[in-house]
**Student:** 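Right, I'll just put the structure down here and ask away after.
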Amino acid sequence: MNDFIYSYPTKVYFGNEATKKAFSSELKNMGNTVMLAYGCKSAKQNGVYNEIYDYLKDAGKEIVDFGGIMPNPTYKKVQEGAKLAREKQVDFILAVGGGLVIDCCKIISAQALCDKDIWEMEFKDHVFPSDFIPMGAIVTASGTGAEMNNGAVITNEDVNEKAGVWGAHVNFAILNPEYTMSLPEKQVISGAFDTLSHCMETYFGFPTEVNVSDEIAEVVMRNTIRNIRILKKDLYDKQARSELMWDSAMGENGILKIGKVTDFQAHQIEHQLGAYTDCNHGQGLSVIHPVLYRHIYGNSIDKFAGFASNVWQIPSEGKTQQELAEEGIEALADFIHEIGMPSTFTEMGIKDKTVLKKVADTCNLTAGCCKKLSREEILEILEECW
Ligand code: NZQ
Ligand code: ZN
């Protein structure tokens, strides 16, 4: 195995009683003034906002309301939140929502205590924030695993970039599967597919020989696939919702990444697609993954064959490793079709084909899980996604 250091700063409260348990031990650490941050409308509609508001009010906290965080959260929204946090001298930030709210708050938490512009500081000076307003996350949509890491995906409209910015780790996360019950099917399935994508982007990274992190990833992938299928039959199956919520956290809590160099090339392409089209994250990934893998699997045939056998459980008898590897990628493509996720950008409703070149020219190029792609190859992949 590669050398590694493992420690984790986030305490997780999981289950139906999670909120009660979390607030009874965490309220005392929040200070007096708490920013309550949320998205556009769901938190108020499904009652989670009110529940959290009441806990804070009953504890005598000063509440600073910060709503309207949008899908693909913008850098302008981060600056608005940071300004408010400074003005109101916020002691603690509570993010109520999915990846978009949690991500926006991670950077608000850093920007509020930093005089420099965080975007410039990170991307031009390569300096990263070290002071943060402490924060907690109450997860209402799982999939991104955003509550388990300190990366935030923010869209800077001025420069047309959607990029990963480093911010705060959350001190604690509340994972109550009940809170996801009001999510519409499209978001439930695209969130779960995002989890599968995180596992794959880690699994196909280096090293490729059999190792414990990848064997755990295989189990998490199988579990995610099984539970997505259950939800396609019954969207309100609580057991499946709760397993997917933990799968999502497992994808990003570092355990699958121990000793691994991850790839995340599909994510880098999708993020730029999001910057130009404001598309749904999980849907963009479902289109990109099979096409990307058809392009690169030849450089890592054994790993892709292992993916076929151990994740999709495709029998290997009488097949070459190459045939098995190809069947695994096609099993992924068939699964995407089976669960009603899009397989082309046109199915996603993207109309302007000129964005493809812009995405290819501007997305981050990773070291690649088994092949470092050129911009020309990325454009080819994007055109096949059309
Ligand atoms: O804005 P509201 O009204 O709250 O509606 C949201 C939003 O429209 C809705 N929603 C959330 N919880 C709900 C609900 N609707 C009904 N009932 C509920 N309980 O769902 C919509 C999607 O919002 P959100 O849930 O935050 O999206 P998701 O969790 O898919 O996050 C997507 C963002 O996370 C970034 C993505 O790029 C994207 O910007 N990512 C962050 C990552 C990270 N920090 O580690 C990793 C991921 O790969 C991803 O890139
Ligand atoms: Zn993702």
Side-chain angles (χ1 to χ4, degrees), residues 10 37-49 51 66-75 77-78 95-107 137-156 161-170 173-202 224 235-236 241 244-245 248-249 251-254 257 262-275 277-286 288-289 364:
T10 303
Y38 53 98
C40 292
K41 51 184 192 305
S42 72
K44 286 199 169 165
Q45 281 175 348
N46 61 24
V48 182
Y49 176 93
E51 187 186 348
F66 185 65
I69 305 175
M70 65 294 275
N72 295 315
T74 63
Y75 194 51
K77 195 69 186 171
V78 167
V96 181
L100 66 91
V101 179
I102 300 166
D103 279 6
C104 190
C105 289
K106 288 175 188 172
I107 308 305
I138 295 134
V139 181
T140 67
S142 60
T144 65
E147 70 280 9
M148 301 306 296
N149 63 42
N150 65 333
V153 188
I154 302 295
T155 299
N156 188 332
E161 265 177 46
K162 180 174 169 179
V165 187
W166 295 109
H169 274 282
V170 308
I174 296 175
L175 302 186
N176 181 345
E178 282 292 330
Y179 290 167
T180 70
M181 284 300 183
S182 54
L183 263 182
E185 179 175 346
K186 175 185 155 189
Q187 189 61 37
V188 173
I189 304 301
S190 69
F193 189 84
D194 190 20
T195 299
L196 185 62
S197 168
H198 296 162
C199 297
M200 292 189 289
E201 301 247 46
T202 305
T224 303
L235 188 61
Y236 301 101
R241 291 271 185 140
L244 284 170
M245 198 164 208
S248 163
E252 282 300 310
N253 67 6
K257 297 179 184 174
T262 62
D263 175 29
F264 279 80
Q265 185 64 73
H267 269 68
Q268 299 307 322
I269 299 171
E270 194 287 329
H271 286 163
Q272 268 318 81
L273 187 73
T277 66
D278 207 21
C279 67
N280 173 284
H281 176 61
Q283 291 201 344
L285 292 168
S286 78
I288 294 165
H289 265 289
N364 276 336

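Order of listing sets the numbers, starting from 1, for every ligand and every atom in it. Here, residue 1 is the first one in the sequence, and each next residue gets the next number. These numbers come from a predicted model, not from an experiment.
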**Student:** So do the side chains of Val96 and Thr140 get within less than 4.5 Å of each other, counting heavy atoms only?
**Tutor:**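 A side-chain contact exists here, since the closest heavy-atom pair is under 4.5 Å.
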
**Student:** Does Lys44 reach the main-chain N or O of Tyr38 with its side chain, forming a donor-acceptor pair under 3.5 Å?
**Tutor:** no

**Student:** Should you measure from each heavy atom of Gly98, which atoms of ligand 1 turn up under 4.0 Å away?
**Tutor:**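 Reading through ligand 1 atom by atom, the close ones are 24 (P), 25 (O), 26 (O), 29 (O).
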
**Student:** Can you check whether Thr195 reaches Glu252 side chain to side chain, under 4.5 Å on heavy atoms?
**Tutor:** no

**Student:** Measuring from atom 30 (O) of ligand 1, which candidate in His281, Gln187, His267 has the nearest non-hydrogen atom?
**Tutor:**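 Minimum heavy-atom distance to atom 30 (O) of ligand 1 goes to Gln187.
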
**Student:** So if I count the atoms of ligand 1 from 1 in the order they appear, which ones are less than 4.0 Å from some heavy atom of Asp194?
**Tutor:**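 The atoms of ligand 1 under 4.0 Å from a heavy atom of Asp194 are 47 (C), 48 (O).
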
**Student:** Which one holds for Leu100 and ligand 1: side chain close, backbone close, both close, or neither close, with close meaning a heavy atom under 4.0 Å?
**Tutor:** both

**Student:** Which ligand 1 atoms are under 4.0 Å away from a heavy-atom of His198?
**Tutor:**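 Those qualifying, in numeric order: 46 (C), 47 (C), 48 (O).
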
**Student:** Using a 4.0 Å heavy-atom cut-off, say whether Asn46 meets ligand 1 through its side chain, its backbone, both or neither.
**Tutor:**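 Asn46 to ligand 1: side-chain contact only, backbone stays beyond 4.0 Å.
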
**Student:** Give a yes or no answer on whether the side chain of Glu147 reaches the backbone of Ile138 with a donor-acceptor pair at less than 3.5 Å.
**Tutor:**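 Answer holds: no.
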
**Student:** Going by the closest heavy atom to atom 15 (N) of ligand 1, which one wins out of Gly47, Ser42, Ala146, Gly39?
**Tutor:**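 The option holding the nearest heavy atom is Ser42.
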
**Student:** Of all the atoms in ligand 1, which lie at a distance below 4.0 Å from a heavy atom belonging to Lys106?
**Tutor:** 44 (N)

**Student:** Going by the closest heavy atom to atom 19 (N) of ligand 1, which one wins out of Tyr179, Tyr38, Tyr49?
**Tutor:**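 Result: the heavy atom closest to atom 19 (N) of ligand 1 is in Tyr179.
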
**Student:** Between His281 and His198, how do the two ring planes meet: parallel, tilted or perpendicular, split at 30° and 60°?
**Tutor:** tilted

**Student:** Ignoring water, what protein N, O or S atoms are under 2.8 Å from the Zn ion (ligand 2)?
**Tutor:** Asp194 OD1, His198 NE2, His267 NE2, His281 NE2

**Student:** Cys40 versus ligand 1: do any nitrogen or oxygen atoms come within less than 3.5 Å of each other?
**Tutor:** yes

**Student:** When you measure from the side chain of Thr262 to the backbone of Thr202, do you find a donor-acceptor pair of N or O atoms at a distance under 3.5 Å?
**Tutor:** no

**Student:** What part of His271, side chain from CB on, backbone N/CA/C/O, both or neither, has a heavy atom under 4.0 Å from ligand 1?
**Tutor:** side chain

**Student:** Looking only at N/O atoms, are Glu252 and ligand 1 under 3.5 Å apart anywhere?
**Tutor:**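 No; the residue has no nitrogen or oxygen that sits under 3.5 Å from a nitrogen or oxygen of the ligand.
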
**Student:** Below a 4.0 angstrom heavy-atom separation, can you tell me which part of Asp103, side chain or backbone, both or neither, approaches ligand 1?
**Tutor:**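 Side chain only.
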
**Student:** In Å and rounded to the nearest 0.5 Å, what is the CZ to CE distance from Phe193 to Met200?
**Tutor:** 4.5 Å

**Student:** Could you grab the distance from atom CG of Leu235 to atom CD1 of Ile189, nearest 0.5 Å is fine?
**Tutor:** 6.5 Å

**Student:** Report the part of Met70 in contact with ligand 1, treating N, CA, C, O as backbone and CB onward as side chain, heavy atoms under 4.0 Å; options are side chain, backbone, both, neither.
**Tutor:** neither

**Student:** Pick out which of Asp278, Asn72, Thr155 makes a side-chain hydrogen bond (donor to acceptor under 3.5 Å, both in side chains) with Lys162.
**Tutor:**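 It is Asn72; the other options fail the test.
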
**Student:** Would you say that Asn364 contacts His271 through its side chain, given a criterion of any heavy-atom pair below 4.5 Å between the two side chains?
**Tutor:** no

**Student:** Below 3.5 angstrom, do we get any N/O pair linking Ala152 and ligand 1?
**Tutor:**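 No: no nitrogen or oxygen of Ala152 is under 3.5 Å from one in ligand 1.
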
**Student:** Counting only heavy atoms closer than 4.0 Å, does ligand 1 sit against the backbone of Pro73, its side chain, both, or neither?
**Tutor:**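 It is the side chain that touches ligand 1; the backbone stays farther off.
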
**Student:** Mark up the atoms of ligand 1 that fall under 4.0 Å of a heavy atom belonging to Val153, in ascending order.
**Tutor:** 37 (O), 40 (N), 41 (C), 50 (O)

**Student:** Checking side chain to side chain contact (heavy atoms under 4.5 Å, CB included) against Glu270, which of Leu285, Val153, Asp194, Asn280 comes through?
**Tutor:**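 Of the listed options, the one satisfying the test is Leu285.
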
**Student:** For Lys41, take its heavy atoms, then give the atoms of ligand 1 lying under 4.0 Å from any of them.
**Tutor:**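 The atoms of ligand 1 under 4.0 Å from a heavy atom of Lys41 are 2 (P), 3 (O).
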
**Student:** Check for me whether Lys77 meets the cation-pi criterion with Phe66, that is, NZ or CZ under 6.0 Å from the six-membered ring centre and within 45 degrees of the ring axis.
**Tutor:**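 Checked: cation-pi criterion met.
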
**Student:** Please work out whether any backbone atom (N, CA, C, O) or any side-chain heavy atom from C-beta onward of Lys162 is under 4.0 Å from ligand 1, and answer side chain, backbone, both or neither.
**Tutor:**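 Only the side chain of Lys162 comes within reach of ligand 1.
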
**Student:** Relative to ligand 1, is Val48 under 4.0 angstrom through side chain, backbone, both or neither, heavy atoms considered?
**Tutor:** neither

**Student:** Under the criterion side-chain hydrogen bond (donor to acceptor under 3.5 Å, both in side chains), which of His267, Gln265, Lys257 is the partner of Glu201?
**Tutor:**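 When His267, Gln265, Lys257 are each tested with Glu201, the side-chain hydrogen bond (donor to acceptor under 3.5 Å, both in side chains) holds only for His267.
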
**Student:** Rounded to the nearest 0.5 Å, how far does CD1 of Ile102 lie from OG1 of Thr144?
**Tutor:**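 Reported value, rounded in 0.5 Å steps: 5.5 Å.
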
**Student:** Indicate yes or no: at least one non-hydrogen side-chain atom of Trp166 is less than 4.5 angstrom from one of Ile107.
**Tutor:** no

**Student:** At what distance, to the nearest 0.5 angstrom, does CG of Leu100 lie from CE of Met70?
**Tutor:** 9.0 Å

**Student:** For Asn156, what residues pass the side chain to side chain contact (heavy atoms under 4.5 Å, CB included) criterion, not counting sequence neighbours?
**Tutor:**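 Listed in chain order: Tyr75, Trp119, Asp158, Val159.
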
**Student:** Numbering the atoms of ligand 1 from 1, which are under 4.0 Å from a heavy atom of Thr140?
**Tutor:**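 Those atoms are 11 (C), 12 (N), 13 (C), 18 (C), 19 (N).
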
**Student:** State whether the shortest distance between N or O atoms of Thr180 and N or O atoms of ligand 1 falls below 3.5 angstrom.
**Tutor:** no

